[in-house]
Amino acid sequence: MLTPTLTATAAAILTWPTNTPTRRLKALNSNPTHHRNPPRHWPRPTPTALIALPTLLTLLTTGIGAAIAVAVASTTIRVQWRARTKTRRQLSTAESMTDAIHGMVAELRAGAHPVTAAESAAKDATAPADNVLTTIASTARLGGDLASVLPGLTHDNPALTPALRPLIHAWSLAQRHGLPLADVLDAVRRDVASRLRFAHKVKAQMAGPRASGTVLAALPLLGVLLGEAMGAHPTHVLLAGPLGQSLLAIGTTLICTGLYWINRLTTRAALS
C-alpha cells in the first residue's frame, strides 16, 4: 500500500506545474487595456471604529464589565502602536537628515553653490530629507525667507523640527555673517548624529525594562489560562456575575495603565 502512494506522490511532484504560466497570466492581466473596471478600494476603518465595534459587541453579548475591559485594552493597543510608530519615524527622519546634510556638506566643500549643493544632495537623499532640501533650495533660489518654510515642512512631520530648525538657522547665519556654510552645516550634522546615536543607545537599554513590563502584564492572562486548564473556570467567574465583571474591568484597567506608563517612561528616555 505504501509503494503506490509514494509512486503517486513522486509523479505529482514531477508533473507539478511551474510558475511560468502564472507569471504570464499576471503580465497579461497587468495590461492597462484589460482593466475595464477599476479595482474596488474598500474604505479603511477608523481607529475609533476599531475600538467602538468590539466594545459594542462585547456589551451586547457579555456585559458592561467585559465591554470596559475590551475598550481599555483596545485603546491601549492603539496608543502603544502610535507611540512605537512615532519613535520609528523620529529615528528614521533623523537618519535621513543626517545623511542628507552630510551629502550637502560634501558638495559645498567641493566648491558647489549652496543652492546647487542642496539640490544635488536632495537627489541622493531619502524621504523626508529629499523634500526638505528641495524646498530649501527653491526658497533660497527665489530669495525667500527660509524661516517661513519651517511651519509648512514640520506640519505633517513634527519629527523634522530637531534637525530642520538648526539647519535653517545655520544657513541664515552663514548668509548674514559670511561664515563658511560647510563648517556650520557640519556642526549641525554632528549634533543631529550624536542625538541619534544617543537615542539608539537608550532605546537598546530600555528594551529590557520594556520586555519585563510586558511579561508582568501578561502574567494575569497566563494565570487565567492555567486556571482554565486546571478546571477552575476563572473566565466563568469573571463573566458571569457583577462582581466578576467589576474585577475584570478594574484588573484590565490597572494592567493597561501599567503598560502605558512603562511605554511612556521608556519612550521619553529614548527621545529626550
Side-chain angles (χ1 to χ4, degrees), residues 44-96 157-162 192-272:
R44 297 179 59 183
T46 61
T48 304
L50 292 176
I51 296 174
L53 183 59
T55 302
L56 180 60
L57 292 177
T58 307
L59 178 63
L60 295 177
T61 57
T62 306
I64 187 172
I68 294 175
V70 170
V72 172
S74 302
T75 304
T76 303
I77 293 174
R78 172 63 180 171
V79 171
Q80 296 272 29
W81 179 268
R82 290 186 61 182
R84 295 190 179 186
T85 302
K86 180 181 178 181
T87 302
R88 289 195 299 266
R89 188 176 186 182
Q90 287 178 332
L91 295 177
S92 63
T93 299
E95 291 176 354
S96 177
N157 190 359
L160 282 171
T161 304
V192 177
S194 64
R195 291 175 179 267
L196 181 61
R197 287 193 299 269
F198 177 77
H200 278 297
K201 181 179 179 180
V202 176
K203 182 182 178 182
Q205 292 176 348
M206 291 294 105
R210 190 182 296 114
S212 300
T214 304
V215 171
L216 290 176
L219 287 180
L221 179 60
L222 180 61
V224 172
L225 295 178
L226 289 177
E228 288 292 333
M230 295 171 59
H233 303 295
T235 55
H236 177 74
V237 177
L238 293 175
L239 300 177
L243 179 60
Q245 294 268 341
S246 301
L247 293 176
L248 178 61
I250 294 173
T252 304
T253 303
L254 292 176
I255 292 173
C256 293
T257 302
L259 284 175
Y260 170 77
W261 189 248
I262 291 173
N263 180 75
R264 181 178 175 85
L265 291 177
T266 54
T267 303
R268 290 184 62 180
L271 298 177
S272 61

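In what follows, every heavy atom counts, from backbone to side chain, and hydrogens, waters and symmetry copies are set aside. Keep in mind it's a predicted model, so treat the numbers as computed, not measured.
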Out of curiosity, [X] [atom1] to [Y] [atom2], how far, rounded to the nearest 0.5 Å?
X: Ile250; Y: Ile255; atom1: CD1; atom2: CD1; answer: 12.0 Å
X: Glu95; Y: His200; atom1: CD; atom2: NE2; answer: 4.0 Å
X: Thr62; Y: Leu57; atom1: OG1; atom2: CG; answer: 9.5 Å
X: Gln90; Y: Thr161; atom1: CD; atom2: OG1; answer: 9.5 Å
X: Leu238; Y: Ser246; atom1: CG; atom2: OG; answer: 10.5 Å

Are any side-chain N or O atoms of Ser92 and backbone N or O atoms of Arg89, one a donor and one an acceptor, separated by less than 3.5 Å?
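Answer holds: yes.
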
Thr252 side-chain N/O to Ala249 backbone N/O, donor-acceptor pair under 3.5 Å
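Absent.
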
Just wondering, more than 12 heavy atoms not from Ile64 lying within 6.0 Å of its CD1?
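Counting neighbours around CD1 of Ile64, 12 or fewer heavy atoms of other residues, nucleotides or ligands fall under 6.0 Å, so no.
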
[X] versus [Y]: any side-chain heavy-atom pair under 4.5 Å?
X: Leu265; Y: Ile262; answer: no
X: Leu239; Y: Gln245; answer: yes
X: Asn263; Y: Leu259; answer: no
X: Arg84; Y: Arg88; answer: yes

Go through the structure and list residues passing side-chain hydrogen bond (donor to acceptor under 3.5 Å, both in side chains) with Thr257, not counting sequence neighbours.
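Per chain and number, Thr257 pairs via side-chain hydrogen bond (donor to acceptor under 3.5 Å, both in side chains) with no residue.
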
What residue among Val70, Thr75, Thr76 forms side chain to side chain contact (heavy atoms under 4.5 Å, CB included) with Val72?
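Testing each of Val70, Thr75, Thr76 against Val72, the sole residue satisfying side chain to side chain contact (heavy atoms under 4.5 Å, CB included) is Thr76.
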
Which of these passes side chain to side chain contact (heavy atoms under 4.5 Å, CB included) with Ile51: Thr55, Leu53, Thr48?
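Option passing the side chain to side chain contact (heavy atoms under 4.5 Å, CB included) with Ile51: Thr55.
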
Taking every non-hydrogen atom, the tightest pair across [X] and [Y]:
X: Gly227; Y: Pro234; answer: C-CD, 3.6 Å
X: Ala94; Y: Val192; answer: O-CG1, 4.0 Å
X: Cys256; Y: Ala73; answer: SG-CA, 3.8 Å
X: Ala66; Y: Leu248; answer: CA-CD2, 3.8 Å

Where at least one partner belongs to residues 215-228, residue pairs that pass side chain to side chain donor-acceptor pair (under 3.5 Å), sequence neighbours excluded:
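Passing the test, one end in residues 215-228: Glu228-Thr235.
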
For Leu60, what residues pass the side chain to side chain contact (heavy atoms under 4.5 Å, CB included) criterion, not counting sequence neighbours?
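Residues passing side chain to side chain contact (heavy atoms under 4.5 Å, CB included) with Leu60: Leu56.
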
